[in-house]
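Okay, structure first, notes after.
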Amino acid sequence: MSIKAYYNCYWFLELAGNYNGYDLVLNPVIPGIALKDFKHETGIYKEAHNDQLFNIPIGIKANGLLLVVDNKSGEVKLEDYERNSFEIISENLSKLIEDLQVCLKIVFLLK
């Protein structure tokens with residue numbers, strides 16, 4: 001699944017869960033709003049990577065590592081910016097979302 005398909009197929013405010021032992025939080029996908037945020041975050045990411053977009057940021061791991069999608073292969077990876085290293089955690093975004101064990105948050109409003 002491409003990033004374009006991802007932003008056209010899904011809609012969620014927050015998606016957090018566990019995938020193969022990794023606690024992940026995916027960036028919100030909200031029609032109209034999230035696309036603006038996505039462009040902004042992608043611009044910042046591109047600047048930090050010598051104006052290259054080999055990967056696209058889509059979320060974070062609980063310890064702060066970036067969750068990115070490889071622009072060519074579609075693999076989902078964890079990026080350690082300080083060590084300039086990547087760890088492939090899923091063959092594609094569809095598989096990650098399909099197998100993500102979602103954490104449900106319930107909020108009660110009391111009057």
Side-chain angles (χ1 to χ4, degrees):
M1 169 186 295
S2 70
I3 292 296
K4 184 177 180 180
Y6 172 69
Y7 275 91
N8 285 313
C9 293
Y10 293 97
W11 187 77
F12 51 84
L13 298 176
E14 181 178 291
L15 186 58
N18 188 283
Y19 178 79
N20 290 340
Y22 300 101
D23 291 325
L24 306 173
V25 179
L26 298 177
N27 296 340
V29 177
I30 308 166
I33 298 169
L35 202 50
K36 220 188 269 186
D37 292 344
F38 169 74
K39 287 179 182 179
H40 178 72
E41 287 181 25
T42 303
I44 293 169
Y45 183 86
K46 183 178 178 182
E47 285 178 22
H49 291 81
N50 301 316
D51 282 337
Q52 302 292 317
L53 272 179
F54 298 117
N55 300 291
I56 304 291
I58 60 158
I60 60 170
K61 183 179 174 213
N63 67 357
L65 295 180
L66 280 179
L67 184 64
V68 298
V69 175
D70 186 293
N71 242 350
K72 289 186 181 178
S73 70
E75 295 170 322
V76 181
K77 307 182 283 188
L78 290 173
E79 176 182 350
D80 187 331
Y81 183 77
E82 293 176 0
R83 293 185 177 154
N84 193 28
S85 66
F86 294 88
E87 177 186 357
I88 298 168
I89 64 167
S90 180
E91 61 191 54
N92 59 53
L93 196 47
S94 296
K95 181 163 177 43
L96 182 135
I97 292 171
E98 183 179 307
D99 295 342
L100 187 69
Q101 294 176 329
V102 178
C103 298
L104 294 178
K105 291 183 181 179
I106 299 173
V107 178
F108 293 99
L109 297 175
L110 301 175
K111 289 188 177 189

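Counting begins at 1 with the first residue of the sequence.
Applying the salt bridge (Lys or Arg N to Asp or Glu O under 4.0 Å) test to residues at least two apart or on different chains, the pairs with a partner in residues 88-98 are Lys95-Asp99.
For Glu87, the side-chain contact (heavy atoms from CB on, under 4.5 Å) partners two or more places apart in sequence, or in a different chain, are Tyr22, Leu78, Ile89. Remark: Asn84 engages no residue in a side-chain contact (heavy atoms from CB on, under 4.5 Å) (not counting sequence neighbours). Partners of Ser73 according to the side-chain hydrogen bond (donor to acceptor under 3.5 Å, both in side chains) rule, which considers only residues two or more places apart in sequence or in another chain, are Asp70, Glu75.
Val102 and Leu96 fall within the same hydrophobic cluster, defined by Ile, Leu, Val, Met, Phe, Trp and Tyr side-chain heavy atoms under 4.5 Å apart, directly or through other members.
Once rounded to the nearest 0.5 Å, the distance linking CG of Leu65 with OG of Ser85 reads 8.0 Å. Once rounded to the nearest 0.5 Å, the distance linking CG of Leu100 with CG of Leu15 reads 5.0 Å. The line from CG of Asp80 to CZ of Phe86 is 9.5 Å long, rounded to the nearest 0.5 Å. Atom CG of residue Leu66 and atom CD1 of residue Ile60 lie 8.0 Å apart, to the nearest 0.5 angstrom. Between atom CZ of residue Phe38 and atom CD1 of residue Ile30 there is a gap of 14.5 Å, rounded to the nearest 0.5 Å.
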Ignoring hydrogens and angles, write down the donor-acceptor pairs under 3.5 Å from the side chains of residues 46-56, residues two or more places apart or on other chains.
residue, atom, partner, partner atom, Å
His49, ND1, Tyr45, O, 2.7
His49, NE2, Glu79, OE2, 2.6
Asn55, OD1, Lys77, NZ, 2.9

